[in-house]
Amino acid sequence: MKTKAFIFDLDGVIVDTAKYHFLAWQKVANSLGINFTHEDNELLKGVSRVRSLEIILGLGENVDITEEKKNELLIKKNEDYLVYIDKMDDSEILPGVMNVLDFLKANNQPIILGSASKNARPILEKVNILHYFDDIVDGNDVTNAKPDPEVFLVGAKKANQSAENSIVFEDSVAGIEAANIAGMTSIGIGEASVLNEAKYNFNNFKEITEDFLNELINK
Ligand code: BG6
Ligand code: MG
């Protein structure tokens with residue numbers, strides 16, 4: 001059997017943390033008199049914390065705040081987000097994820113995390129799967145946010161695999177773009193019409209069969 005690098009995004013792929021990001025950002029938006037909806041939240045998927053705040057400020061009308069105030073809001077948002085994270089457990093792992101992780105582990109395939117989040121480690125610890133990962137590349141390790149391919153290229157390097165031999169699971173348009181730019185096999189998890197640039201599409205991990213994983217490993 002061959003060896004490939006399997007790189008997983010975290011938010012929206014392994015766990016549904018978008019709902020917690022939403023609640024924490026909504027509080028920030030409301031404190032500034034900005035209306036922030038679930039639809040707006042879609043714009044923040046895969047986007048860094050700092051960039052997310054800029055997008056939210058752009059939703060308001062002529063919101064002009066100081067750098068100091070921006071930093072305060074970023075700290076506050078993360079504090080609120082961490083209160084939700086602290087209550088997470090393994091019941092929040094998305095359907096089918098464990099089967100895929102177990103299959104890859106049983107077949108000695110490198111499992112890497114490639115996430116924009118600076119909270120990746122505590123989240124993986126909370127849901128009890130940190131030990132599945134051979135390496136973690138997160139928002140603390142890279143300077144360029146997706147769609148820049150940096151996070152995935154660093155991940156492949158840690159697994160000693162070429163980009164060609166790397167497979168990326170992503171739920172965001174920016175993440176699929178990053179994987180494609182890197183020259184990796186991109187797998188979209190979610191709406192195929194949204195993630196239409198992905199090489200393969202699945203609604204969730206329950207749809208991913210062992211035959212399909214074997215094909216990826218041995219091609
Ligand atoms: C991405 C999420 O994975 O991480 C974004 O999709 C989030 O919504 C980004 O803003 C940064 O996360 P964190 O945990 O560092 O604020
Ligand atoms: Mg994501």
Side-chain angles (χ1 to χ4, degrees), residues 6-29 36-59 70-88 92-95 97 112-127 129-130 133 136-152 154-155 167-180 184 186-191 194-195 197-198 201-205:
F6 286 85
I7 308 178
F8 290 76
D9 173 46
L10 175 68
D11 296 310
V13 167
I14 293 176
V15 283
D16 177 21
T17 39
K19 58 186 183 224
Y20 302 136
H21 280 297
F22 173 74
L23 292 170
W25 281 129
Q26 194 180 44
K27 212 165 157 185
V28 168
F36 180 64
T37 65
H38 279 284
E39 208 178 5
D40 298 327
N41 197 45
E42 289 299 308
L43 303 172
L44 309 186
K45 279 191 181 170
V47 172
S48 74
R49 199 181 305 168
V50 173
R51 180 77 193 112
S52 298
L53 178 61
E54 281 167 10
I55 292 173
I56 289 169
L57 295 177
L59 294 171
K70 279 186 196 170
N71 286 332
E72 248 175 55
L73 292 172
L74 288 170
I75 291 168
K76 186 78 189 67
K77 185 269 169 178
N78 199 50
E79 281 172 359
D80 287 341
Y81 180 63
L82 288 178
V83 173
Y84 296 112
I85 297 310
D86 198 48
K87 293 183 196 137
M88 286 180 85
E92 298 205 41
I93 296 172
L94 286 166
V97 169
I112 310 290
L113 193 86
S115 165
S117 174
K118 294 187 171 175
N119 297 303
R121 277 173 194 273
I123 293 172
L124 291 175
E125 262 171 28
K126 285 306 283 185
V127 301
I129 54 170
L130 183 61
F133 290 83
I136 290 176
V137 187
D138 65 18
N140 300 297
D141 306 309
V142 294
T143 40
N144 302 305
K146 300 169 189 174
D148 189 286
E150 184 183 8
V151 64
F152 297 143
V154 174
I167 294 123
V168 173
F169 297 101
E170 255 294 345
D171 72 312
S172 73
V173 174
I176 293 294
E177 200 184 331
N180 290 343
M184 300 179 175
S186 55
I187 303 187
I189 304 291
E191 282 278 333
V194 178
L195 305 174
E197 296 292 321
N201 286 94
F202 296 97
N203 288 307
N204 57 55
F205 279 90

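Keep in mind that what you see is a predicted model, and the values were worked out from it rather than measured. Remember, it's 1-based here, ligands and their atoms both numbered in the order they're listed.
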| query | Just by distance, do the side chain of Asp40 and the backbone of Thr37 share a donor-acceptor pair under 3.5 Å? | reply | yes
| said: Any nitrogen or oxygen of Ala116, side chain or backbone, less than 3.5 Å from one on ligand 1? | reply: no
| Do any nitrogen or oxygen atoms of Tyr81 come within less than 3.5 Å of a nitrogen or oxygen of ligand 1? | no
| task | With the Mg ion (ligand 2) as the reference point, give the N/O/S atom of Asp9 that is nearest. | result | OD2
| message | For atom 16 (O) of ligand 1, what is the closest protein heavy atom, and at what distance to 0.1 Å? | response | Arg49 NE, 2.8 Å
| Is it the side chain, the backbone, both or neither of Ser52 that has a heavy atom closer than 4.0 Å to ligand 1? | side chain
| message | Starting from atom 8 (O) of ligand 1, what is the nearest protein heavy atom, named by residue and atom, and what distance separates them? | response | Leu44 O, 3.2 Å
| request: Sort out for me which residue in Asn78, Thr17, Asp138 forms a side chain to side chain donor-acceptor pair (under 3.5 Å) with Asn119. | output: Asn78
| query | Taking side chain as C-beta onward, heavy atoms only, is Leu53 less than 4.5 Å from Lys70? | reply | yes
| Between Asp11 and ligand 1, does any nitrogen or oxygen pair lie at a separation below 3.5 Å? | yes
| field | Rounded distance [0.5 Å steps], CZ in Phe202 versus CD1 in Ile187 | value | 6.0 Å
| Winner among Leu10, Leu53, Val47 once heavy atoms are compared against atom 7 (C) of ligand 1 | Val47
| Identity and separation of the nearest protein heavy atom to atom 12 (O) of ligand 1 | Ser117 CA, 3.4 Å
| field | Atom indices of ligand 1, in the order listed, that fall short of 4.0 Å to a heavy atom of Gly46 | value | 2 (C), 5 (C), 6 (O)
| said: If you measure every N or O of Asn78 against every N or O of ligand 1, does any of those distances drop under 3.5 Å? | reply: no
| request: Identify, by atom number and element, the atoms of ligand 1 in contact range of Lys45, meaning under 4.0 Å from any of its heavy atoms. | output: 6 (O)
| request: Please tell me if the side chains of Lys126 and Asp86 come closer than 4.5 Å, counting only heavy atoms from C-beta onward. | output: yes
| Sub-4.5 Å side-chain heavy-atom contact between Leu44 and Ile56 | yes
| Which of the numbered atoms in ligand 1 are below 4.0 angstrom from a heavy atom of Lys118? | 13 (P), 14 (O), 15 (O)
| task | Measure the shortest side-chain to side-chain distance between Glu170 and Met184 over non-hydrogen atoms and say whether it is less than 4.5 angstrom. | result | no
| field | Heavy-atom pair with the smallest gap, counting every atom of Gln26 and Phe36 | value | NE2-O, 3.5 Å
| message | Taking the side chain as everything from C-beta on, heavy atoms only, tell me whether Phe22 gets closer than 4.5 Å to Glu42. | response | no
| message | To 10 degrees, how wide is the angle OD1 (Asp171) to the Mg ion (ligand 2) to O (Asp11)? | response | 90°
